[in-house]
**Q** 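Pasting a structure below so you can have a look.
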Amino acid sequence: MTDVTTLLEVGGPVAALGGGAAYARANHPALYWSAVGGPISTARLLSSYASVMEACGLTVPPSRLRVLAVKATTRREVRPVPPRRGIVRPTSTGLRLRLRLAPGQEPADVAASAERLRHAWGVHAVYVNTIKPGVVELRLVGFDVLRKVRMPRKAGGDFLKVPVALREDALPFVRDYRTVPHQLTLGATLSGKSMYLRHLIAGLAAQPVALVGIDCKRGVELAPFAPRLSALATEPDEAAELLPVLVKEMEDRYDLIKARQGIAPGTPDEEITSDIWGLPDSERPVPVVLFVDEVAELFLVATKKDEERRDEMVTQLIRLAQLGRAAGIYLEVCGQRFGAELGKGATMLRAQLTGRVCHRVNDEASAKMALGDIAPEAVVAACAIAPERPGLAVAGDTSGGWSRIRTPYLSLGDAAEICRESAHMVPDLPALKPFRPAVPVRHVETPAPAVQPRSVTD
């Protein structure tokens, strides 16, 4: 009887501890990883490193000098040599360690064994990055960081750099306009495309940048950000008037570059290789970021007159995409589909958009439109996005690299409030003043005056 009582007394706290660990793992994975999962995986890695490397085929035969030294000092078996391991560094989401590859090995050998390493060390995923020739870094992610997105404190934001999402390897996905000037973002309804757009605008609102919007859905997506926008077109007719102004602004900036750098006035814009970043700070014009929401609305035509207007707008967008980078004009094109069926010029415009972000789409053809020409293997990943995970997307660029990302939640009210607080950052661009959106006045309810007490005699 005494033994049973003792077991019950000991088993109660143990069961409570196990239940708490299971609850933390399901609802607070970061806390569970820091307290339980991280130490266990670290011990597993340190104790089984050599055997796991040998099982994965990541070892090489020892040198003759090593063989002679082992045989001369001990009688133990001479085993193959794994890559030299560095210090295991724990992080809030996993582990990091560097490996110095043995002669004859390459980073692709380690990347090919990433799935085996994941199972051997009990982590969610393993990613391999090349640091320098002969040295790679293993990033072990302990849990699914995209299930509940929490952006790192040091996300890497800077001028024209916006940390807009979290990658599956727990690194921030930074939208860098200096590196990737133009981008195409596709996604079906309720896929998280608007959330991605909110983060971009909110991140650029506090920077000395001119924000221009074309939203032919009567402005329902971009109108809440009107206090921070330098120009906004909510109909195709307004867009047809705004785009020539942006093209003229681009041409004026090229003239400024020619005058400053001594380029002949008759030199075509296409042959000018410099940009506004070579100008002095006092003469450099502010960058312009053009957001085009639902780009298909600019391609749709109903009459012959609409077709002529469409051709003009598409031509102007293509010119901005081809020549705008040097003039500090960047494009952010969004839509549900973007292919040759939209009409003349669609494929040519898409070819100029270096960055690609594909949220959940309704068919495989839409994913191929975004990623098929730069990373064909990413099309399968884009088609596998579930509707239960809005904000999840596949991001790639023309270098062929791609990764899964997810945008954290940002309410429309919070994004609009950021734009209202940054309204003083709107730069002075005289050419865009006619298109400046009207900012509604906020009505603040004043409290009713307090009732003054009266004496009994009154």
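Along the sequence shown, residues carry numbers from 1.
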**Q** Please list every donor-acceptor pair under 3.5 Å in which a side-chain atom of residues 91-99 meets a protein atom from a residue at least two apart or in another chain.
**A**
| from | atom 1 | to | atom 2 | distance (Å) |
| --- | --- | --- | --- | --- |
| Thr91 | OG1 | Thr93 | N | 3.4 |
| Thr91 | OG1 | Gly94 | N | 2.9 |
| Thr91 | OG1 | Gly94 | O | 3.0 |
| Arg96 | NE | Glu137 | OE2 | 3.2 |
| Arg96 | NH2 | Glu137 | OE2 | 2.8 |

**Q** Measuring from atom NZ of Lys148 to atom CZ of Arg150, what distance do you get when rounded to the nearest 0.5 angstrom?
**A** 7.5 Å
**Q** Closest heavy-atom contact between Ala223 and Leu232?
**A** CA-CD2, 4.1 Å
**Q** Under the 3.5 angstrom rule, does the side chain of Arg360 hit a backbone N or O of Gly187 as a donor-acceptor pair?
**A** no
**Q** Does a side-chain heavy-atom distance below 4.5 Å link Ile201 with Cys419?
**A** yes
**Q** Might you point out which heavy atoms bring Met151 and Pro408 nearest each other, and give the distance in Å?
**A** CG-CG, 3.8 Å
**Q** Enter the distance from Asp176:CG to Gln183:CD here, rounded to the nearest 0.5 Å.
**A** 11.0 Å
**Q** Using the ring pair (Phe, Tyr, Trp, His ring centres under 6.0 Å) criterion, which residues pair with Phe291? Sequence neighbours excluded.
**A** none
**Q** Which heavy atom of Glu294 sits nearest to which heavy atom of Gly335, and what is that distance?
**A** OE2-CA, 4.0 Å
**Q** Is any side-chain heavy atom of Trp402 closer than 4.5 Å to one of Val357?
**A** no
**Q** Can you tell me how far CG of Asp215 sits from OG1 of Thr234, rounded to the nearest 0.5 angstrom?
**A** 7.5 Å
**Q** Are Cys216 and Val295 packed together at the side-chain level, in the sense that at least one heavy-atom pair is separated by less than 4.5 angstrom?
**A** no
**Q** Inspect the contact between Arg337 and Asp363 and indicate whether a charged nitrogen and a carboxylate oxygen are less than 4.0 angstrom apart.
**A** yes
**Q** Decide, yes or no, whether a salt bridge links Asp158 with Arg178 under the criterion of side-chain N to carboxylate O below 4.0 Å.
**A** no
**Q** So does Arg356 pair up with Asp373, basic N to acidic O under 4.0 Å?
**A** yes
**Q** Could you tell me whether Glu106 atom CD has more than 12 heavy atoms of other residues or ligands within 6.0 Å of it?
**A** yes
**Q** Is the shortest side-chain heavy-atom distance between Leu229 and Val212 below 4.5 Å?
**A** no
**Q** Apply the side-chain contact (heavy atoms from CB on, under 4.5 Å) test between Arg406 and each candidate in Leu166, Ile385, Leu146; give the one that qualifies.
**A** Leu146
**Q** Can you list the steps and then say if Phe159 with Val209 is a side-chain contact (heavy atoms from CB on, under 4.5 Å)?
**A** CA-CA 9 Å; Phe159 181 57; Val209 178; 3.9 Å; yes
**Q** Would you say the side-chain atoms of Arg420 pair up with the backbone N or O of Phe225, donor to acceptor, closer than 3.5 Å?
**A** no
**Q** Kindly determine whether Gln105 and Arg100 satisfy side-chain contact (heavy atoms from CB on, under 4.5 Å), including the steps that lead there.
**A** CA-CA 10 Å; Gln105 292 182 331; Arg100 179 172 293 277; over 6 Å; no
**Q** Can you list the steps and then say if Ser403 with Val394 is a side-chain contact (heavy atoms from CB on, under 4.5 Å)?
**A** CA-CA 6 Å; Ser403 63; Val394 175; over 6 Å; no
**Q** So, taking the atom named CG in Leu429 and the one named CG in Leu246, what distance separates them when rounded to the nearest 0.5 Å?
**A** 9.5 Å
**Q** Would you kindly check if the NZ (Lys) or CZ (Arg) of Arg175 is within the cone defined by 45 degrees around the ring axis of Tyr177 and under 6.0 Å from the six-membered ring centre?
**A** yes
**Q** Could you measure the distance from the CG atom of Leu186 to the SG atom of Cys334? Nearest 0.5 Å is fine.
**A** 8.5 Å
**Q** Could you go through the side-chain contact (heavy atoms from CB on, under 4.5 Å) check for Val333 and Thr185 one step at a time?
**A** CA-CA 6 Å; Val333 180; Thr185 303; over 6 Å; no
**Q** Measure across Leu349 and Ala321 and return the closest heavy-atom pair with its distance rounded to 0.1 Å.
**A** CD1-CB, 4.0 Å
**Q** Does atom CG of Leu190 have more than 12 heavy-atom neighbours, drawn from other residues, nucleotides or ligands, at distances under 6.0 Å?
**A** no
**Q** Please check if the side chain of His182 supplies one atom and the backbone of Leu331 the other of a donor-acceptor pair under 3.5 Å.
**A** yes
**Q** Tell me which pairs pass salt bridge (charged side-chain N to carboxylate O under 4.0 Å, His left out) where either residue lies in residues 221-240, with sequence neighbours left out.
**A** Lys217-Glu221, Arg218-Glu235, Asp237-Arg309
**Q** Once rounded to the nearest 0.5 Å, what's the spacing between atom NE2 of His124 and atom CH2 of Trp33?
**A** 11.5 Å
**Q** Are Arg85 and Tyr49 in a cation-pi setup, meaning NZ or CZ lies under 6.0 angstrom from the ring centre and within 45 degrees of the ring axis?
**A** yes
**Q** Just to verify, which of Val123, Val110, Val88 counts as forming a side-chain contact (heavy atoms from CB on, under 4.5 Å) with Leu138?
**A** Val110
**Q** State, yes or no, whether a side-chain contact exists between Leu140 and Trp121 at a heavy-atom distance under 4.5 Å.
**A** yes
**Q** Assess whether atom CZ of Arg84 is packed by more than 12 heavy atoms of other residues, nucleotides or ligands within 6.0 Å.
**A** no
**Q** Which atom names give the shortest non-hydrogen contact between Asp109 and Gly104, and what distance separates them?
**A** OD2-O, 4.4 Å
**Q** Nearest heavy-atom pair of Pro39 and Ser34: which atoms, and what distance?
**A** CD-O, 3.9 Å
**Q** Does any part of the side chain of His359, heavy atoms only, come nearer than 4.5 Å to the side chain of Arg389, both counted from C-beta?
**A** no
**Q** Does Gly38 offer a backbone N or O that forms a donor-acceptor pair with the side chain of Ser41 under 3.5 Å?
**A** no
**Q** Under 3.5 Å, is there a donor-acceptor pair between the side chain of Ser422 and the main chain of Met425?
**A** no
**Q** Would you check if Ser191 and Thr189 make a side-chain contact, meaning some heavy-atom pair closer than 4.5 Å?
**A** no
**Q** May I ask you to test the Leu171-Tyr127 pair for a side-chain heavy-atom distance under 4.5 Å?
**A** no
